[in-house]
Structure formats: structure tokens, C-alpha cells
Amino acid sequence: MLKKSAKLSWPERVAKIVNRFGTLRVSLFFLTMALCLTMLEVTVLNYALYGQIEIRDYVDPVLLTLLTMPWVLYFISELIRRLERSREHLTQVIEQLEALRKQDKASALNLRHNIQQLNYEIEERKRAELQREEAIRLLKQQIEERQKTQQHLYEQSILLRSCFDCSPDIIYYRDENGRFSGCNRSFEELTGKTEKEMVGLTPWEVYSEEVAEKVVASDREVLATNASLSYDMWLTYPDGSKKLFLIKKVPFFNNEGKRIGLLGFGRDIMEKQKAQEALEKASRDKTAFISTISHELRTPLNGIVGISRILKDSKLSKEQHNHVNTIFACAVTLGNIFNDIIDLDKIERKKLSINYEPVELSGFVFELNSVASLMAEQKNLHFDFYSNVPEQTWVQADPTRLRQVLWNLLANAVKFTLNGDVQFNVECHIRNTFAWIDFEIIDSGIGIPEAELENIFTMYYQVDREEVRAGTGTGIGLAISKILIDSMGGQIEVHSEINEGSTFSVSLKLDLVEAPEDTEAQVIDGLSILLVEDVELNIVVANSILKKLGHSVVVAKTGQQAIDAFSVGKFDVVLLDIQLPDMTGFDVLAHWQENGVVLPPVVALTANVIKTREDYLNKGMADVISKPIKMENVHKVFNRLFAQDEVQATLPAVDEKIQSDADFSILDVDFLEQMLDTIGYDQLEQNLELFEKLISEYMEILDSNLCAKDQDEIGKQAHKIKGAAASMGLQHIQKIANQIQLTDTPAWWENLDDRVEQLKHACEHDLQVLKDWMNTL
């Protein structure tokens, strides 16, 4: 790099002078100096050479100097000036270059610094890139691990969900607001809704109102205490079957310990319940069997003892006397054995079944009078009898059980009366469709202490009196009598004074019934009929028969369908089932009546819920046809409604209702043969296959409702079974189902288990009988 000298050289000084004073002045100065120098040189030289100096010697040099020197000087000065300027410019350029060099140096330093920084940054970026690659690698590894974890969690969730769905227990969970957030497949089957449909619903939108109230109340208890809760609950499936569940609820917390809802678990304990009920039933059956057999056999056994005692006191040969003593001893021994059986198994008592049938009351009481008078005569007692029952008074009663009660009371009156008299009074007060019957048995016997009157009707109560101790018996007679009278809806009372005698009174309200009458039916055809029936088999049978008779049929399976299908003038008659899925037949009839509809004759298809024809007529029905529908019944009713000649028709349903078990055969052969003529063998066989499928479903649902003790649902299910059995001519099954269906009859609950067992056995046995019968065709 060029540096400016601290001391200027002479050329530089000259140049500065030229630049300072200008070329002309410097040129004149140097011209003057040249002239002076020329003159000096001429002087010196001439003086040296010639020794003298002349003016002419100065002229030529001076002129030459004047002519040449100004231009030379000017040229030199201008050259110097220009060179100086060039130098100065060069100096400036050099300075600029120096500045640029310095700037370049600074830039170079800055560039070097930037390069270093860039290299550092490159290194940092390399390190960052390596870190990024490492981070990416770690991220990929984490992603792979997370994917594996997610896959594992997914597999676990699938496994857990599969376990939930495969679990027979119901599982669900709800949020803090009580809305469902999820459930398993068992719970879906219980509610009939999918999990997606369940999410967001409240218990009120899923369960019935009664169940929802219990569920919400238990939820509140769990959330209030933050503790688990267990309880039993009956839940209903969409098909109407019920199951008993052991429900357990626990609060549900997240990782932070915040409660987010509750979990619910439900275990089916139906088998446990059934086993428990089976044990209880076995216990009751054992007690009932022992008690019933003992009591039922004691009455004739007492007769054997009494007759043998009379024979002992009569004139007999020695051999005959020995035989009578043997009979007497065996009878007493057998009585003691019965007492031992009762003592060994004093367990819970079981009420006996009540089987209603039409009874001619006047003949019934006179029969009792005959037997009782014979008993009193054998003890030399005076016997009085009074009855105001009109002849041909038919009532709906259980003659066997009523006779059992009255026989027991009469036998006790005779047994505990040592001397005096016994009275048997019967008073009958008839009202419209029923009769109040008062039976009164009065004796002048040993009486009953007032303190023991409260115990007289309890099981195993026995009279502790010396004079009658030999014949006190087991102590179950009066207890069973009270059970039977209560089951019949009546009352039994006792009034007694010690050594003054006793008065037992029995009061019963018995429905009046009509005696069956046979009628000839005329043929009515061409009717347009609205058939309202919900059981498929009944529809097939009724539809086939009605069409066979020449009628046109429109079918409605629910009350609402019947209302929608009906229009004025469209139908000649309506055959209306009483029990429908959504309402009763009476509700349908009331709807039409309230809307002022002009109705054709409305005929009830009875399931024998109401016992008399008049009850149906009082509710607005034109007549009644029993199920299964038979041609002769259709003829009778249609003749009554449409024929010119009035034909008195009875209610076949009542006839079927009141027949005893012995009068029922397994199959209604007449009906089946009529079905064969109407629909043919193939269709009947198809109906049988449909019946087999339906009856198993009906029985399963009946069992679940039986365990749940849901009286209404049991009645509805029995109604379906009865209707299905009726359509196949299985009248034995029909009768049993009808007894189960009549939920308002006395002792219904007490007899329910036995009737269900009978129904199960009949379904297996009677169905095979029907198949065997069809195979013979």
C-alpha cells in the first residue's frame, strides 16, 4: 500500500508552486530566470573567450531564449501541472484505493467473520440436522412404539370389548348427568337398543317408569356416598320375558381422581332364583302332600273307626268280632301313623286348588244332610236340618272342596258332641247374578275355651280335653277348611262357650250360572266380518273356518288396527278378542261408542275372563263366541243375530270353564276333524309346527314372569298359550292355561306353581298325543 512521504521532493514542490501560481506566472518567472541565466552565460562565455562583451552577443541568445523558452517553460509547467494533477488524482485514487483497501480489509475481516459465523452456523446446522435426524429417528421410534402401543391398546380394547360382549352379565356406564355412555351386547339385548342408540339416553328413556325410578334412586345413592351398591332387580326383555339380576354399581374416576360417572354390572341370577324357588316349592309340595293325604284319608278312616266301633258293640260271632277288632286296631294304628308323619314334617302349609264348576245347590246340601244325619244317628244325637235353597239353583262352585269343608265341620260337630243335638242350617239370598249362601253348623258339644278361639283355625291345633282326646286327630282339618273358604272368597267364623256348644258359620258369594242347553243352528253365510285377534294360530283357524262357511274376513291384530280398519257399513259383524296387545276388546268397543259410530253386532271372542254371558252383554257386546272358534258356536251366534227365528244361545265358554278335570279329554277331536275338513291335513300339520315353535317361546316367557311374580304378565302369557292351544284342539292345555289366566280368582297365587307344572307336563304329553292322533289319519 502506497504511503504519502512526510517530506515533499523538489518536483513535488515545483508542481505545487505551478499549481499555486499558475502556468503563466511560473513560466514568466522561469523565462526571466532563463534570460538571466542566458545573459549570465553569454557574459561569462564571451568574456572568457573573447575577453569582451558586446550587446550583439546578448541579442541572439536572448532572442533565442525568448523564442523557445516560453513554449518550453509553458509546456514543462503545463506538463508539471498536469502531472501534479495526475499525481494528486492518483493520490486521491490511491487514497480511495487505500480506503477501498481498508474497506476491503474490513469487508474481508467482516467476511472472514461472517464466514466463520457461517461455518459455525453450518456446523450448528449440521449438528442441528444431526439432532433433527436423531429427533426424527427418535420420533419415528416413538411413533412406531406409539403405533405398537395403540395397536396393543386397540387389541386390548377389542379383547376387552369382546370380553364385555361375550359376557353374559350386563355392563354399562353412565356420565355424571345420568346419561348412558356405553354398554355391552348383553345390555343391548336387554333393552332392545344398540349402543349407538343408547348413548345420550337417560334411564327414563330406556326402562319402564317403575324400573327407572329404582335405577335413578340407586344412582343417587352411589353418587352421594361414592361407594358401591348392590341390589336385586327384575328387568324385562323386549319379548316380555323377565330375568332377575344382581345389580352392582360403582363410581368411576379418571386418573386425576375426578369422578366422571358410574359403572353398572348385572348378573343373571335366574337359575339361583329358580333353584331357590324349586327348593321352596319342593318344601311346600312335601308339606302339602303330607297334609293333604293325611287329612283326605283321615275322613274315611274315621268312618272306618266309627263303623268298626259300632260293629264291635253289635251281636257278632266270635270270628266276626275278631275281624272287627282287627279292623279297628289297624285303623287306629294307621291314624297314629298319619299323626307321626305330620309331627315329623311340620313345615309350611300349602293351600289347595279350587276348581269351579256348576253345582245344583239344593241337591248338594240335601246330600250333605243325608250323610250328616247318618253320622248323628250313629252317636244317638238329634240332627236338625233347614234349607231355603230353591230347587234348580245353579251356582259356580267347587263341590269337592266345599263338601270337604262342610263335611269337616259336620264331622267335628258330631265328634265333639257327646250328647244333645246338631243343627245344619242353609240360607240362600239370591241377587241378580249371584247368591249369598250361609251355612251354619250348631252343636251342643264340649265347646271351645274363649282363649283358644284365636287358635282354632291354625295348623296343627288340637283340642286338649280328656273326654274327646282319643279322636282329636291331627289338628289340620279346621286350618285347611279356613284356607279353602278364604280361597273361595268367603268367610268362616266360630262362636263357642265351654260346655255349651259351638257354632261354625260359612258365608260364600257364589255366581249364578245357566244350565247348558242344546240348540240346532241354521246356516248363515255371505257376511263381511272384521276379525280382531292377536294369536297367529287363532287367526289361521278362525279365518279358515269363517271362509269355509262362506264369509269374507278382514283381520286386525291389535286394537288400533281394528279402529283403523273399521268403517261404517263395511262389516256385518265384528268378532272382537277381549285381550289384545295394546288394549282390551272393551276399550275398542268403548272407543267406537264414544265416537258415536253406528256399529254392527260386536261379538266377543272370550278367553273366559268373565264367567257369564250376561257380563259380556252388560258391557255392550251383542253375543259371545268361545275360543277355539267352532262351526256350531258360529252358527248359534249368527243365527241369534241374523236369523228370523230366534234361537236361544248359551255361552259355550262358560260350559268349558266350569267342567271338572275329569270331564276334559286331551283333544277336542270334533274340532280337529272339523279343521281337517276345513283346511286340510297339510295346513293342520303346518299349524302344529307353528304351535310347537310358539309354545316353547310362550313357556319360557311365562317362566320368567313366574319368577318375577308379575301377575299381569303371567295372565297375558297364559292367555296366549290358551289361544294357541285352543286353535290346535288341545283342550286340556287350554283348560290349564285358562286357570292360570284367571288372575282374579280366589287362591290364584297359591295354586299357580302347581298349574304351571301341570301346563309344562301337558305341553309335552298332549302334544305327543296330538301327533299320534294325526299319524293315525
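Position 1 is the first residue of the sequence, and the numbers go up from there. Remember, predicted model here, so these are calculated numbers, not experimental data.
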For this session: State whether the number of non-hydrogen atoms from other residues, nucleotides or ligands found under 6.0 Å of N388 atom CG is greater than 12.
Result: yes
Exercise. How would you list, by chain and number, every residue that makes a salt bridge (charged side-chain N to carboxylate O under 4.0 Å, His left out) with K760, sequence neighbours excluded?
Worked result: D703
Problem set entry | Under the salt bridge (charged side-chain N to carboxylate O under 4.0 Å, His left out) test, residues paired with D766 that sit two or more places apart | none
Got a donor-acceptor contact below 3.5 angstrom from the [X] side chain to the [Y] backbone?
X: E360; Y: T393; value: yes
X: E440; Y: S505; value: no
X: D443; Y: V422; value: no

For this session: Give the C-alpha distance, both sets of side-chain angles, the deciding distance and a yes or no for side chain to side chain contact (heavy atoms under 4.5 Å, CB included) between L759 and Y698.
Result: CA-CA 12 Å; L759 183 61; Y698 290 164; over 6 Å; no
Any side-chain heavy-atom pair from [X] and [Y] closer than 4.5 angstrom?
X: L512; Y: T433; result: no
X: V637; Y: V624; result: no
X: H495; Y: S502; result: no
X: I430; Y: P390; result: yes
X: I666; Y: H765; result: yes
X: Y356; Y: L742; result: no

For this session: Classify the ring geometry between F434 and W436 as parallel (under 30°), tilted (30 to 60°) or perpendicular (over 60°).
Result: perpendicular
In Å, rounded to the nearest 0.5 Å, how long is the span from [atom1] of [X] to [atom2] of [Y]?
X: L667; Y: L767; atom1: CG; atom2: CG; result: 10.0 Å
X: I492; Y: F439; atom1: CD1; atom2: CZ; result: 11.5 Å
X: F416; Y: S496; atom1: CZ; atom2: OG; result: 11.0 Å
X: I498; Y: I446; atom1: CD1; atom2: CD1; result: 7.0 Å
X: T584; Y: D587; atom1: OG1; atom2: CG; result: 3.0 Å
X: I701; Y: K720; atom1: CD1; atom2: NZ; result: 6.5 Å

Partner residues of [X] under the side chain to side chain donor-acceptor pair (under 3.5 Å) criterion, sequence neighbours left out:
X: Q491; value: none
X: T503; value: none
X: E497; value: none

Exercise. Given the rule in the side chain to side chain contact (heavy atoms under 4.5 Å, CB included) test, do D438 and V426 qualify, once you have shown the distances and angles that lead to the verdict?
Worked result: CA-CA 6 Å; D438 294 319; V426 182; over 6 Å; no
Where do [X] and [Y] come nearest, in terms of heavy atoms and distance?
X: V389; Y: S387; answer: N-OG, 3.3 Å
X: G585; Y: L576; answer: O-CD2, 3.1 Å
X: A718; Y: I740; answer: CB-CG2, 3.6 Å
X: C428; Y: I437; answer: SG-CD1, 3.5 Å
X: P358; Y: W394; answer: CB-CE3, 3.8 Å
X: A725; Y: I733; answer: CB-CG2, 3.6 Å

Exercise. Under the ring-ring contact (aromatic ring centres under 6.0 Å, His included) test, which residues partner F385, sequence neighbours left out?
Worked result: F366, F424
Exercise. Pick from K619, H719, M621: which one makes a side-chain contact (heavy atoms from CB on, under 4.5 Å) with I578?
Worked result: M621
Exercise. Looking at L510, L402, V513, which hits side-chain contact (heavy atoms from CB on, under 4.5 Å) with V395?
Worked result: L510
Exercise. Does the side chain to side chain contact (heavy atoms under 4.5 Å, CB included) test come out yes or no for I441 and V506, once each step is laid out?
Worked result: CA-CA 9 Å; I441 294 93; V506 175; 5.6 Å; no
Exercise. Is the closest basic N to carboxylate O distance between K482 and D486 below 4.0 Å?
Worked result: yes
For this session: I would like to know whether Y386 and Q423 meet side chain to side chain contact (heavy atoms under 4.5 Å, CB included); could you show each step before the answer?
Result: CA-CA 8 Å; Y386 166 78; Q423 299 179 33; over 6 Å; no
